[in-house]
Amino acid sequence: MRPDALAQEVAKLLAPLIPEAAGLDVDAVAALLTPPPKPELGHFAFPCFRLAKALRSAPPKIAAELAAAIAALGDNPLIATATPAGPYLNLDLHAHEAARHLLAPWANGQRPAFPSSGPSSNQKVMIEYSQPNTHKGFHVGHMRNLCLGDCLVRLLRATGSEVVAANYLGDVGTHVAKCLWGLEALVSGDPPTQARGEWLGQVYSQAAIQLEDWDEAGKAGDEAAAAQYTAARERMSEILRGIEARDPAYHDLWMRTRQWSLDEFEQIYAWCGVEFDRVFYESEVDEPGLKLVDEFLAKGVFVESRGAVGIENPEIEHMPFFMLRKSDGTGLYATKDLALARMKFEEFGIDRSIYVVDARQSDHFKQVFLTLKKMGFDQAELCEHVGYEMVELPDGAMSSRKGNVILFRALREQLGASLEANYFHKFTDEWTREQIDTALHQVSLGAIKYGMLARDNNQKIVFDLAKWSDVQGGDGGATLQYVCARTASLLVKAQNRGMTLDGAVRSGERATQAGTLTEVAERGLMQALIALPGSIAQAAQSLRPSILCSQLYAVAKAYNRFQQECNVIHQDDPEVVQARLLLVQATREALSWGLSLVGIPAPDRM
RNA sequence: GCGCUCGUAGCUCAGUUGGAUAGAGCACAGGUUUCCUAAACCUGGGGCCGCAGGUUCGAAUCCUGCCGGGCGCACCA
């Protein structure tokens with residue numbers, strides 16, 4: 001028995017009562033069952049609209065007839081009452097029996113089964129995400145991509161796909177030259193011994209600003225600035241050529257500094273609990289990209305235009321020419337993307353290829369996929385771009401010129417400090433430093449990941465550090481974690497009083513006593529749990545983690561209400577204790593598992 | 001100009017195969033601790049779902065047009 005099987009059980013009873021003309025089998029009926037708007041109305045509602053046409057009857061009439069048919073069944077193990085309410089048939093279950101199908105599997109460590117016929121199951125999927133540039137800063141904006149990609153990896157794995165989590169690091173290109181130029185032109189003294197990746201990013205920003213200033217001043221007539229700008233550009237070309245030619249003077253410096261960034265990324269991923277199966281580097285597809293241009297120019301797929309090489313894609317009307325080699329003979333981002341795609345297809349036999357990249361690149365990926373198709377890669381059909389909107393700050397977009405970029409380390413430290421000052425300081429006498437640090441880490445992750453994932457992909461996110469670390473409750477990661485901690489704490493307290501969940505109840509062999517779990521708050525919580533597997537399936541199928549986040553929040557909210565209204569431990573009736581312990585245990589398992597799919601740890605105490 | 005995207009409560013947002021009286025959080029006003037974590041719970045006020053048409057038993061949801069914000073459109077990544 002799986003925790004998502006309750007609807008199926010109900011459908012088994014209901015389906016035979018529906019006239020055959022409607023053409024609904026058990027699965028179809030189960031799929032139609034929805035939660036009623038209020039828990040008091042029942043555990044499930046069956047909408048009769050779909051049957052109206054086939055049965056040539058009005059939905060309210062069908063609902064009434066079905067209610068009568070269920071009443072005629074007489075005593076029934078699962079459905080207590082069936083009440084027609086307009087076009088809906090509301091089904092109220094014997095709660096203790098429903099619990100045996102719903103709560104016991106959760107409590108017993110079972111997980112929902114997802115249909116193997118779904119589009120996303122039994123497939124080998126590559127998800128490319130994160131893709132930071134070396135020699136540049138890693139900031140809150142990068143966190144959205146990281147959280148989203150990681151969550152999709154977890155969701156697709158949970159729903160039956162084999163996933164290759166891939167990263168694609170930007171270790172070559174003009175930004176590297178800018179940074180290395182800045183290093184020699186603007187920096188005096190030795191690099192720091194700590195956090196050198198971050199420092200490199202700051203050098204890059206400084207260089208970018210300086211170059212922009214010279215460029216602007218030059219254009220405004222400042223000849224000295226113009227000369228400096230030209231000289232710097234020439235120097236950057238030299239640096240790039242030196243790296244490419246493997247001139248030790250440049251190549252070694254590049255490798256050394258590149259490693260500083262890579263080390264930093266490693267630390268960030270470790271802190272975030274993110275792991276990659278395969279890391280690609282731009283530097284490894286640079287040359288293959290250019291070779292590929294020659295190859296497909298010779299084949300006539302690509303064409304020359306104004307000294308550059310590209311492909312005509314008139315299908316994309318507003319940007320019909322897709323450039324793949326500049327007139328100076330060098331490649332572009334797009335060139336490397338084609339070579340990378342080919343590498344992915346050849347190295348892994350993937351059935352689906354997902355690119356998590358911000359929404360501004362959507363035209364770019366239309367071009368890439370269309371071009372791949374014209375190059376003869378049928379796998380282009382399997383490629384999809386998952387776009388998402390930007391992360392902004394309360395005072396607008398992040399910019400190094402404005403100096404309002406929040407780098408990863410600052411994010412981690414400020415969030416931690418803020419959470420400690422707001423909340424965790426009260427544990428200083430009670431907990432060890434290590435315990436507090438662990439909790440701070442967990443709750444920081446909850447705040448960041450939930451904040452990044454609870455909003456739809458195509459909504460902008462405003463990152464306001466003060467708000468994100470102000471855990472006054474409400475709709476946030478900490479609320480979900482708090483509920484996990486409350487369930488854990490309650491179960492420990494129960495155990496200390498000698499109250500443990502009966503093994504037979506937990507396994508579902510035995511139902512709890514009739515009449516238990518009928519309080520409104522108990523029903524509400526059960527309904528939130530009923531809806532969880534569907535939310536996971538929908539989130540995975542549509543690649544939108546926010547759907548899962550809102551259902552997890554609904555579970556947390558329902559639990560808080562339950563714990564407020566239904567005392568678990570201070571009960572005279574041991575059967576009530578059993579029923580409620582089952583509910584708490586199931587909630588804990590469901591919620592912590594759901595959180596794990598979002599990449600958020602579930603603390604035992606907080 | 002072309003394309004993508006957003007527009008729902010004072011603010012931030014859910015609402016996706018069209019379905020019950022459009023929901024949360026924050027903010028605001030009130031209430032709840034001899035009792036399992038008050039980071040909680042309850043109650044209340046608050047809405048021409050951007051505008052106008054259309055499709056039908058039924059539209060925040062689908063179609064068309066318009067208005068307003070954001071983003072993208074050849075040698076950057």
Side-chain angles (χ1 to χ4, degrees), chain A residues 31 34 36-38 41 45 47-50 52 58-59 85-88 90 131 133 136 170 172-175 282 305-310 316-334 336-337 357-364 366 387 389-390 392 397 419 422-423 443 454-462 464 467 470-476 478-479 481-483 485-494 496-497 499 521 538 541-542 544 546-547 549-551 553-554 556-557 559-571 580 584 605-606:
Chain A
T34 61
K38 285 182 182 173
L41 296 175
C48 300
F49 305 101
R50 299 286 167 85
Y88 289 88
N90 289 330
Q131 311 114 327
N133 283 333
K136 284 176 90 167
V172 287
T174 49
H175 68 277
E282 272 191 47
S305 168
R306 296 185 224 166
V309 174
I316 300 171
E317 287 171 33
H318 55 286
M319 44 186 299
F321 186 72
F322 187 43
M323 187 179 292
L324 296 164
R325 191 172 77 194
K326 296 186 275 187
S327 47
D328 67 1
T330 58
L332 294 103
Y333 190 59
K336 290 176 231 173
D337 255 340
V357 182
D358 77 80
R360 293 181 299 192
Q361 313 286 345
S362 57
D363 281 333
H364 166 79
K366 271 184 203 147
E389 271 296 334
M390 297 283 93
E392 293 182 357
L419 287 170
N422 287 343
Y423 184 75
V443 177
R455 215 168 286 318
D456 194 77
N457 295 346
N458 46 24
Q459 286 285 359
K460 257 180 252 165
I461 289 177
V462 175
D464 186 336
K467 279 188 185 159
D470 176 27
V471 265
Q472 289 292 31
D475 188 3
T479 297
Q481 294 177 305
Y482 178 62
V483 166
R486 292 182 93 185
T487 57
S489 162
L490 182 47
L491 291 168
V492 167
K493 291 238 163 87
N496 291 344
R497 288 170 150 255
M499 298 165 156
Q538 204 191 344
Q541 200 260 332
S542 60
R544 291 171 51 211
S546 63
I547 294 170
C549 289
S550 44
Q551 189 55 38
Y553 179 66
K557 203 171 138 62
Y559 179 82
N560 276 333
R561 183 172 180 184
F562 159 76
Q563 182 158 335
Q564 188 75 28
E565 295 184 7
C566 303
N567 200 298
V568 179
I569 292 175
H570 308 282
Q571 292 294 329
R580 290 185 175 167
V584 174
R605 286 204 298 175
M606 65 179 274

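Throughout, a chain's letter reflects where its sequence line sits, starting with A, and its residues are numbered from 1.
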* To do: Hey, could you give me the CD1/CD distance between A:I547 and A:Q538, rounded to the nearest 0.5 Å?
  => 4.0 Å
* Roughly, in whole Å, what's the span from CD in A:E565 to P in B:rU37? -> 17 Å
* Asked: Base, sugar-phosphate, or nothing: which does A:R497 touch, judged by heavy atoms less than 4.0 Å apart?
  -> nothing
* **Which nucleotide in B:rA14, B:rA74, B:rA77 has an atom nearest any side-chain atom of A:Q459** => B:rA14
* Asked: Which whole number of Å gives the distance between the C1' atom of B:rU17 and that of B:rU61?
  -> 11 Å
* Remember a base hit wins even if backbone is also touched, and classify A:P59 as base, sugar-phosphate or nothing at under 4.0 Å, heavy atoms. => nothing
* **Side chain A:H175, main chain A:G170, donor-acceptor under 3.5 Å** => yes
* At under 4.0 Å between heavy atoms, what does A:Y553 touch on the DNA or RNA strands: base, sugar-phosphate, or nothing? -> sugar-phosphate
* To do: Could you tell me whether the side chain of A:V568 reaches within less than 4.5 Å of the side chain of A:F562, counting heavy atoms only?
  => yes
* Asked: Would you say A:R486 reaches B:rA38's phosphate, i.e. side-chain N/O to OP1/OP2 under 4.0 Å?
  -> yes
* When you check the phosphate oxygens OP1 and OP2 of B:rC35, does a side-chain N or O of A:Q564 lie under 4.0 Å from one of them? -> no
* Would one find a side-chain N or O of A:R561 under 4.0 angstrom from OP1 or OP2 of B:rC42? -> yes
* Which part of the nucleic acid does A:A58 contact within heavy-atom distance under 4.0 Å: base, sugar-phosphate only, or nothing? -> nothing
* Asked: Nearest-Å distance, CG (A:D464) to P (B:rC11)?
  -> 17 Å
* Asked: Which listed nucleotide (B:rC36, B:rA14, B:rA77) is nearest to the side chain of A:H364?
  -> B:rA77
* Asked: Between B:rA77, B:rC41, B:rU21, which nucleotide gets closest to the side-chain atoms of A:K38?
  -> B:rU21
* Asked: Using the C1' atom in both, what is the distance from B:rG30 to B:rG46, to the nearest Å?
  -> 15 Å
* Take atom CG of A:D456 and atom C1' of B:rC13, then tell me their distance rounded to the nearest Å. => 10 Å
* To do: Among B:rC35, B:rA20, B:rU37, find the nucleotide with the atom closest to the side chain of A:K493.
  => B:rU37
* To do: In whole angstrom, give me the gap between the C1' atoms of B:rC71 and B:rA52.
  => 27 Å
* Take atom P in B:rA60 and the same atom in B:rG53, then report the distance between them in whole Å. => 14 Å
* **Sugar-phosphate only, base, or nothing, as touched by A:D328 at under 4.0 Å among non-hydrogen atoms** => nothing
* Report the nucleotide, chosen from B:rU37, B:rC36, B:rA74, that has the shortest atom-to-atom distance to any side-chain atom of A:F321. => B:rA74
* Round to the nearest Å and state the distance from A:N567 atom CG to B:rA38 atom P. => 11 Å
* What is the nucleic acid contact for A:C549, judged by heavy atoms within less than 4.0 Å: base, sugar-phosphate only, or nothing? -> nothing
* If we take the P atom in both B:rC42 and B:rC73, what is their distance in whole Å? -> 48 Å
* Asked: On a whole-Å scale, what distance lies between the C1' atoms belonging to B:rU56 and B:rC13?
  -> 31 Å
* B:rU5 phosphate, OP1 or OP2: any side-chain N/O from A:N458 under 4.0 angstrom? -> no
* Describe the nucleic acid contact of A:M390 in one word from base, sugar-phosphate, nothing, applying a heavy-atom distance below 4.0 Å. => nothing
* To do: From the options B:rU37, B:rA20, B:rA74, select the nucleotide whose nearest atom is closest to the side chain of A:P36.
  => B:rA20
* Give the rounded distance in Å between these two atoms: CD of A:Q481 and C1' of B:rA40. => 16 Å
* Asked: Expressed in whole Å, how much space separates the C1' atoms belonging to B:rA40 and B:rG25?
  -> 15 Å
* To do: Would you check if A:V462 and A:K467 make a side-chain contact, meaning some heavy-atom pair closer than 4.5 Å?
  => no
* Select base, sugar-phosphate, or nothing to describe what A:Q361 touches, counting heavy atoms under 4.0 Å on all strands. => base
* Structure fact -> In B/S/- notation (B base, S sugar-phosphate only, - none; protein heavy atoms under 4.0 Å), nucleotides 60-73 of chain B written 5' to 3' is ----------SSBS
* Asked: Rounded to the Å, how far apart are A:N457 CG and B:rC4 P?
  -> 18 Å
* Taking the same atom, P, in B:rU33 and in B:rC28, what whole-Å distance lies between them? -> 22 Å
* Asked: Which is true for A:P47 with a 4.0 Å heavy-atom rule: it touches a base, it touches only sugar-phosphate, or it touches nothing?
  -> nothing
* Structure fact -> Per the 3.5 Å Watson-Crick/G-U criterion and a run length of at least three, the stems involving RNA chain B are B:1-7 with B:67-73, B:10-13 with B:23-26, B:28-32 with B:40-44, B:50-54 with B:62-66
* Look at the side chain of A:S305 and the base of B:rA74, then say whether one donor and one acceptor between them are separated by less than 3.5 Å. => yes
* Flag the pair A:H570 / A:R497 as yes when at least one side-chain heavy-atom distance between them is below 4.5 Å, and no otherwise. => yes
* Where the side chain of A:R605 meets the backbone of A:S489, is there a donor-acceptor pair that is under 3.5 Å apart? -> no
* Touch check for A:R325, heavy atoms < 4.0 angstrom, all strands: base, sugar-phosphate only, or nothing? -> nothing
* To do: May I have the distance from A:Q551 (atom CD) to B:rG25 (atom C1'), rounded to whole angstrom?
  => 16 Å
* In terms of the nearest nucleotide of RNA chain B, which residue is placed more toward the 5' end: A:I547 or A:P37? -> A:I547
* **Separation of B:rA77 P from A:L324 CG (nearest whole Å)** => 13 Å
* Side-chain contact test, heavy atoms from C-beta onward, threshold under 4.5 Å: evaluate it for A:K366 versus A:M319 and give yes or no. => no
* Asked: Considering only B:rA77, B:rG3, B:rA24, which nucleotide approaches the side chain of A:K366 most closely?
  -> B:rG3
* **Close side-chain approach of A:V584 to A:Q563, heavy-atom, < 4.5 Å** => no
* **Candidate nucleotides B:rC13, B:rC35, B:rA77, ranked by approach to the side chain of A:R455 - the nearest** => B:rC13
* For A:T174 and B:rC76, is the shortest distance between a side-chain N/O and OP1 or OP2 below 4.0 Å? -> no
* Do A:N90 side-chain and B:rA20 base share a donor-acceptor contact under 3.5 Å? -> yes
* Heavy-atom distance under 4.5 Å between the side chains of A:V357 and A:H364, does that happen here? -> no
* What does A:N560 touch in the nucleic acid at a heavy-atom separation under 4.0 angstrom: a base, only the sugar-phosphate, or nothing? -> sugar-phosphate
